[in-house]
Trainee: 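One structure is given below, represented as structure tokens, and several questions about it will come after.
Every chain is numbered from 1, with letters handed out A, B, ... down the list of sequences.
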Amino acid sequence: MEKNNESLHILRHSTSHILAQAVQSLFPQAKLAIGPSIENGFYYDFDLTDGHAFSEDDLVKIQDKMIEIVKQNLTFEQYLIEDVEVKISEFKSQGEIYKAELLEEHKNDNPTLYLTKDKSGNFLFNDLCAGPHVPNTTYIKAFKLLKVAGAYWRGDEKNKMLQRIYATAFWTKDDLKAHLDFLEEAEKRDHRKLGTQLDLFSIREEVGGGLVLWHPNLATVREEIENYWRCEHRKRGYQIVNTPHIAKSHLWDISGHTSHYRDNMYFIQDEDQEYVLKPMNCPFHILIYQANRYSYRSLPLRLAELGTVYRNERSGALAGLSRVKGFTQDDAHIFCTPEQLIDEINAIIDFVSDTLSMFGMTFDVELSTRPESYVGTIDNWDKAEEGLKKALDVKGMKYEINEGDGAFYGPKIDFKLKDAIGRTWQGATIQLDFNLPERFGIKYQDSDGQLKTPIMLHRVIFGSMERFMGILIEHYAGSFPTWLAPTQVCIVPISNEKHTDFAQKVYEKLNAEGIRVKLDDRSESMNYKIREALQDKKIPYVAVIGDKEIEANAVAIRARGKGQIGVFAIDEFIVKLAQEIKSKGHEVIG
RNA sequence: GCCGGUGUAGCUCAACGGUAGAGCAACGGUUUUGUAAACCGUAGGUUGUAGGUUCGAUUCCUAUCACCGGCUCCA
């Protein structure tokens with residue numbers, strides 16, 4: 001059997017059968033649901049009908065049992081189900097209701113069973129499965145059970161919650177070890193850990209889950225990114241606006257939020273007037289549009305805002321900076337004519353792609369279509385979905401279709417960013433909306449003199465500042481490039497007594513140039529300060545100052561992760577540092 | 001919201017029925033350093049919160065808040 005990526009899925013799927021066999025042998029009451037291969041591993045869902053919950057200890061026992069089964073050198077054999085109805089009732093009588101349900105669905109697809117058989121030809125276990133599998137268990141050499149989690153049968157929260165065991169398998173022990181090492185490495189990059197370690201942000205119980213306190217360090221990173229964002233928007237023809245945090249409920253009745261987004265909204269009662277804490281910025285931008293008359297010549301109108309919104313999330317959904325209740329969207333709304341639409345969408349795709357590639361990030365694209373709860377006519381929705389598809393096709397971008405995942409007012413193009421652990425997060429999104437302009441009755445005057453309804457695009461590049469920072473922290477593993485680093489240079493005098501005066505002058509000089517610099521004149525050893533600055537605080541540069549440097553009017557530079565890189569005249573260092581900062585991520589010094 | 005797990009000093013962890021201990025950080029002192037952890041000392045906690053069981057609770061039980069791994073949902 002050739003050992004490539006495709007066959008790895010087969011190996012994993014086969015290992016999942018062994019997992020099921022082990023579980024049923026240790027827990028005869030366990031009923032089998034499904035056990036597919038997934039990216040980086042596989043899982044199997046079980047219904048432990050007696051309410052027992054798999055523990056860490058159980059995982060060890062199950063893993064041992066699997067090793068025992070594998071050692072028996074069993075063969076996998078396919079078996080065609082001849083009488084489906086008989087097998088369904090057999091499954092039912094065994095209590096295998098999930099298998100029965102699956103077989104019922106696949107009864108016209110020539111369903112097969114896979115059996116594991118020992119050397120004497122005894123069948124030990126069977127599972128409804130289309131296959132294929134590895135020929136026998138000698139192929140299964142390197143696997144590990146990772147974690148237990150709850151999962152709804154068929155992913156529907158109306159169904160029973162099953163217990164899912166996540167695991168992984170590889171062709172060799174070395175491959176397995178490499179993957180486990182990767183997971184460990186990813187854990188170190190977790191933005192929540194780095195957030196504490198680097199004093200970036202905190203989330204306090206007293207404030208509430210999903211509400212972020214930005215510490216000075218992360219606020220600095222954000223400031224740099226926002227400055228870049230503003231500058232880039234002006235270049236690309238956007239105008240920047242600001243809008244309030246609350247508005248009367250009536251505004252959200254017009255937009256449709258009170259009926260389609262209610263569960264996510266916070267309401268504020270003020271005497272007999274009800275207000276809503278804004279979950280989105282769009283209605284405000286529409287009102288700004290309404291303040292003036294527009295013609296086809298003056299469109300597109302591009303309004304951008306770093307708008308802070310609040311959304312009530314289901315309690316289990318919150319996660320670090322990735323999923324919060326209060327967040328700032330780098331939002332924009334573009335009002336345009338149908339003729340301008342494709343160019344506008346393409347310009348946004350370029351904007352997203354330019355921005356993400358500046359950070360060296362990769363992304364996948366998805367097109368999300370009409371959800372169950374929506375406003376507007378099917379005709380408008382079809383037009384909108386076609387428009388987005390056309391724009392993506394013109395760009396030649398590859399994308400997946402995500403049925404029913406659009407916003408309630410329009411379909412969207414989503415850009416999925418990967419975090420350190422390989423989880424994907426929605427970052428940038430472009431949403432095409434024929435509906436809100438109609439609901440608010442906004443118009444423009446076309447070349448034929450007629451008043452027409454403009455098309456509206458909602459879009460974000462970073463998604464939210466919070467989530468993007470989370471991804472950024474993990475992306476850089478906390479070692480921000482110089483332009484973003486909260487502290488860019490740490491000055492370390494070798495002897496406080498002899499060198500601090502000069503170090504102070506260097507500090508003032510760098511500070512006057514707008515460089516984020518710190519002088520470490522604590523009574524600590526030089527080695528300690530260097531280690532703390534470079535390793536713990538992940539500051540890009542340490543400037544060491546001693547007799548020789550004072551003599552030469554210079555600084556000895558040590559760079560994060562690189563060690564000593566040389567002695568620079570102070571002015572030369574400043575020039576190079578400024579170049580590096582300006583380059584936004586490209587290393588100049590060294 | 002659901003399933004499972006976890007909340008002990010600023011951080012990382014220990015003790016697990018007999019009223020809490022370490023390392024790092026902090027603070028004080030000594031040291032003044034030539035390139036990734038100098039030395040000594042001090043202080044710091046109603047063990048997330050509220051109830052309950054018990055002679056006695058950080059430890060057991062219940063509720064609640066928060067976090068973690070997932071599911072569902074989403075920027």
Trainee: Would you sketch RNA chain B in dot-bracket for me? Only Watson-Crick or G-U wobble pairs with both distances under 3.5 Å count, crossing pairs as [ ], other-strand pairs as |, the rest as dots.
Mentor: (((((((..((((....[..)))).(((((.......))))).....(((((..]....))))))))))))....

Trainee: Listed in order of residue number, which residues of residues 528-546 of chain A have a non-hydrogen atom at under 4.0 Å from RNA chain B?
Mentor: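 Within this stretch, Tyr528(A), Ile530(A), Arg531(A), Leu534(A), Gln535(A), Val544(A), Gly546(A) sit under 4.0 Å of the strand.
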
Trainee: Using a 4.0 Å cut-off on protein heavy atoms (strictly under), produce a 5'-to-3' string for nucleotides 7-13 of chain B with B for base contact, S for backbone-only sugar-phosphate contact, and - for none.
Mentor: B---S--

Trainee: Could you list all the salt bridge (charged side-chain N to carboxylate O under 4.0 Å, His left out) pairs where at least one residue sits in residues 193-216 of chain A, not counting sequence neighbours?
Mentor: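 Counting only pairs at least two positions apart or across chains, the salt bridge (charged side-chain N to carboxylate O under 4.0 Å, His left out) contacts touching residues 193-216 of chain A are Glu187(A)-Lys193(A), Arg204(A)-Glu206(A).
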
Trainee: Look at the aromatic rings of Tyr541(A) and Phe573(A) and report parallel, tilted or perpendicular, splitting at 30° and 60°.
Mentor: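 Perpendicular, since the angle between the ring planes exceeds 60°.
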
Trainee: Counting only heavy atoms and a strict 4.0 angstrom limit, can you tell me which residues of residues 408-416 of chain A come near RNA chain B?
Mentor: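 Here the set is Lys412(A).
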
Trainee: Would you indicate what Gly561(A) reaches in the nucleic acid, counting non-hydrogen atoms under 4.0 angstrom: base, sugar-phosphate, or nothing?
Mentor: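 The answer is base, as Gly561(A) lies within the cut-off (heavy atoms under 4.0 Å) of a base atom.
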
Trainee: Please classify the nucleic acid contact of Asn496(A) as base, sugar-phosphate, or nothing, using heavy-atom distances under 4.0 Å.
Mentor: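 Base contact.
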
Trainee: Nearest-nucleotide wise, let me know which of Arg154(A) and Ser464(A) is further upstream toward the 5' end of RNA chain B.
Mentor: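 First, find each residue's nearest nucleotide; the 5'-ward one identifies Arg154(A).
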
Trainee: In this structure, how many angstroms lie between the P atom of A26(B) and the CG atom of Asp199(A), rounded?
Mentor: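 From Asp199(A) CG to A26(B) P: 13 Å.
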
Trainee: Measure from CG on Asp520(A) to P on A25(B) and round the result to the nearest Å.
Mentor: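 Answer to the nearest Å: 13 Å.
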
Trainee: Which is true for Asp547(A) with a 4.0 Å heavy-atom rule: it touches a base, it touches only sugar-phosphate, or it touches nothing?
Mentor: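 The answer is base, as Asp547(A) lies within the cut-off (heavy atoms under 4.0 Å) of a base atom.
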
Trainee: Reckon Gln163(A) touches a base, only the sugar-phosphate, or nothing at all at heavy-atom distances under 4.0 Å?
Mentor: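 No contact.
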
Trainee: Does this structure show an ion pair linking Glu587(A) with Arg560(A), if we count only N-O contacts that are shorter than 4.0 Å?
Mentor: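 Salt bridge flag = no for Arg560(A) with Glu587(A).
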
Trainee: Describe the nucleic acid contact of Gly155(A) in one word from base, sugar-phosphate, nothing, applying a heavy-atom distance below 4.0 Å.
Mentor: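 It contacts sugar-phosphate atoms only.
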
Trainee: Among residues at least two apart in sequence or on other chains, which ones pass ring pair (Phe, Tyr, Trp, His ring centres under 6.0 Å) with Tyr44(A)?
Mentor: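 Ring pair (Phe, Tyr, Trp, His ring centres under 6.0 Å) check on Tyr44(A) returns Phe46(A).
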
Trainee: Atom CD1 of Ile203(A) and atom C1' of C67(B): how far apart are they, to the nearest Å?
Mentor: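 Whole-Å distance recorded here is 10 Å.
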
Trainee: Check the pair Arg314(A) / Glu157(A) against salt bridge (Lys or Arg N to Asp or Glu O under 4.0 Å), numbers first and verdict last.
Mentor: CA-CA 13 Å; Arg314(A) 305 225 270 178; Glu157(A) 62 183 322; 2.9 Å; yes

Trainee: Any base atoms under 4.0 Å from Ala556(A), or only sugar-phosphate, or nothing? Heavy atoms, all strands.
Mentor: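 Here Ala556(A) touches the bases of the nucleic acid.
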
Trainee: By the definition side-chain contact (heavy atoms from CB on, under 4.5 Å), identify the one residue from Ile430(A), Val460(A), Thr429(A), Ile461(A) that meets it with Phe415(A).
Mentor: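 Of Ile430(A), Val460(A), Thr429(A), Ile461(A), side-chain contact (heavy atoms from CB on, under 4.5 Å) with Phe415(A) is met by Ile430(A) alone.
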
Trainee: Nearest whole Å is fine: how far is C67(B) P from Phe201(A) CZ?
Mentor: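 Computing the Phe201(A):CZ to C67(B):P distance gives 11 Å.
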
Trainee: Grab the CZ-C1' distance between Arg164(A) and U72(B) for me, whole Å please.
Mentor: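 The answer, rounded to whole Å, is 11 Å.
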
Trainee: Before giving the answer on salt bridge (Lys or Arg N to Asp or Glu O under 4.0 Å), spell out for Lys416(A) and Asp364(A) the whole-Å C-alpha distance, their side-chain angles and the decisive distance to 0.1 Å.
Mentor: CA-CA 5 Å; Lys416(A) 303 277 179 182; Asp364(A) 294 325; over 6 Å; no

Trainee: Heavy atoms only, 4.0 Å cut-off, all strands: where does Gly150(A) land among base, sugar-phosphate and nothing?
Mentor: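 Since a base atom lies under 4.0 Å of Gly150(A), the category is base.
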
Trainee: Which part of the nucleic acid does Arg467(A) contact within heavy-atom distance under 4.0 Å: base, sugar-phosphate only, or nothing?
Mentor: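 Base contact - Arg467(A) has a heavy atom under 4.0 Å of at least one base atom.
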
Trainee: My understanding is that only residues two or more places apart in sequence, or in another chain, count here; which of them pass side-chain hydrogen bond (donor to acceptor under 3.5 Å, both in side chains) with Tyr261(A)?
Mentor: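 Counting only residues at least two positions away or on another chain, Tyr261(A) forms a side-chain hydrogen bond (donor to acceptor under 3.5 Å, both in side chains) with Arg311(A).
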
Trainee: Using a 4.0 Å heavy-atom cut-off, does Gly208(A) contact any base of the nucleic acid, only the sugar-phosphate backbone, or nothing at all?
Mentor: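 Answer is nothing: Gly208(A) stays at 4.0 Å or more from every strand.
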
Trainee: Can you tell me if His499(A) and Asp547(A) form a side-chain donor-acceptor pair at under 3.5 Å?
Mentor: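 Side chains of His499(A) and Asp547(A): pair found under 3.5 Å.
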
Trainee: At 4.0 Å (heavy atoms only), tell me whether Arg204(A) reaches a base, stays on the sugar-phosphate, or touches nothing.
Mentor: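 No contact.
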
Trainee: Quick one: which residue pairs count as a side-chain hydrogen bond (donor to acceptor under 3.5 Å, both in side chains) with a foot in residues 211-221 of chain A, not counting sequence neighbours?
Mentor: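 Non-adjacent pairs meeting side-chain hydrogen bond (donor to acceptor under 3.5 Å, both in side chains): Ser202(A)-His215(A).
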
Trainee: Is Gly326(A) touching bases, backbone alone, or none of the nucleic acid, heavy atoms closer than 4.0 Å?
Mentor: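 Nothing, no heavy atom under 4.0 Å.
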
Trainee: Give Glu56(A) one of three labels, base, sugar-phosphate or nothing, depending on what nucleic acid heavy atoms sit under 4.0 Å from its own.
Mentor: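 Nothing: the residue Glu56(A), judged by heavy atoms under 4.0 Å, touches no strand.
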
Trainee: Reckon Tyr166(A) touches a base, only the sugar-phosphate, or nothing at all at heavy-atom distances under 4.0 Å?
Mentor: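 Sugar-phosphate contact only.
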
Trainee: Nearest to the side chain of Lys147(A) - G70(B), U32(B), U72(B)?
Mentor: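 For Lys147(A), the side-chain atoms sit closest to G70(B).
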
Trainee: Please name all residues satisfying side-chain hydrogen bond (donor to acceptor under 3.5 Å, both in side chains) with His257(A), sequence neighbours left out, ordered by chain then number.
Mentor: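 Result, side-chain hydrogen bond (donor to acceptor under 3.5 Å, both in side chains) vs His257(A): Ser255(A).
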
Trainee: Under 4.0 Å, heavy atoms only, any strand: does Val324(A) hit a base, just the sugar-phosphate, or nothing?
Mentor: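 Counting heavy atoms under 4.0 Å across all strands, the contact made by Val324(A) includes a base.
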
Trainee: Test of understanding: with side chain to side chain contact (heavy atoms under 4.5 Å, CB included), list the residues that count as partners of Ser464(A), not counting sequence neighbours.
Mentor: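 For Ser464(A) the side chain to side chain contact (heavy atoms under 4.5 Å, CB included) partners, ignoring immediate neighbours, are Phe327(A), Glu466(A), Arg467(A).
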
Trainee: Phe327(A) stacking on A75(B): centroids under 5.5 Å, ring planes under 30°?
Mentor: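 Stacked: centres under 5.5 Å apart, planes under 30°.
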
Trainee: Return the value, rounded to whole Å, for the distance between atom CZ of Phe54(A) and atom P of G5(B).
Mentor: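 Phe54(A) atom CZ is separated from G5(B) atom P by 13 Å.
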
Trainee: For His233(A), enumerate each residue passing the side-chain hydrogen bond (donor to acceptor under 3.5 Å, both in side chains) test, keeping only those at least two apart in sequence or located in another chain.
Mentor: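 Expected list: Arg459(A).
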
Trainee: Might you work through the salt bridge (Lys or Arg N to Asp or Glu O under 4.0 Å) test for Glu474(A) and Arg192(A), ending with a clear yes or no?
Mentor: CA-CA 9 Å; Glu474(A) 301 195 352; Arg192(A) 292 163 299 189; 5.9 Å; no

Trainee: List in chain and number order the residues that pass side-chain hydrogen bond (donor to acceptor under 3.5 Å, both in side chains) with Tyr310(A), two or more places apart in sequence or in another chain; answer none if no residue qualifies.
Mentor: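 Partners of Tyr310(A) by the side-chain hydrogen bond (donor to acceptor under 3.5 Å, both in side chains) criterion come out as none, since no residue qualifies.
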
Trainee: What is the distance, to the nearest angstrom, from the CG atom on Leu318(A) to the C1' atom on U6(B)?
Mentor: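 About 17 Å, once rounded to whole Å.
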
Trainee: Does a distance-only test, which skips hydrogens and angles, find a donor-acceptor pair under 3.5 Å between the side chain of Glu549(A) and the base of G34(B)?
Mentor: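 It does, because a donor-acceptor pair links the side chain of Glu549(A) to the base of G34(B) below 3.5 Å.
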
Trainee: Could you pick out which residue, Gly563(A) or Gln329(A), lies toward the 5' side of RNA chain B when each is mapped onto its nearest nucleotide?
Mentor: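 Mapping each residue to its closest nucleotide by heavy atoms, the 5'-most match is Gly563(A).
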
Trainee: Sort out for me which residue in Trp229(A), Trp425(A), Phe359(A) forms a ring-ring contact (aromatic ring centres under 6.0 Å, His included) with Phe468(A).
Mentor: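 Answer to the ring-ring contact (aromatic ring centres under 6.0 Å, His included) test with Phe468(A) among Trp229(A), Trp425(A), Phe359(A): Phe359(A).
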
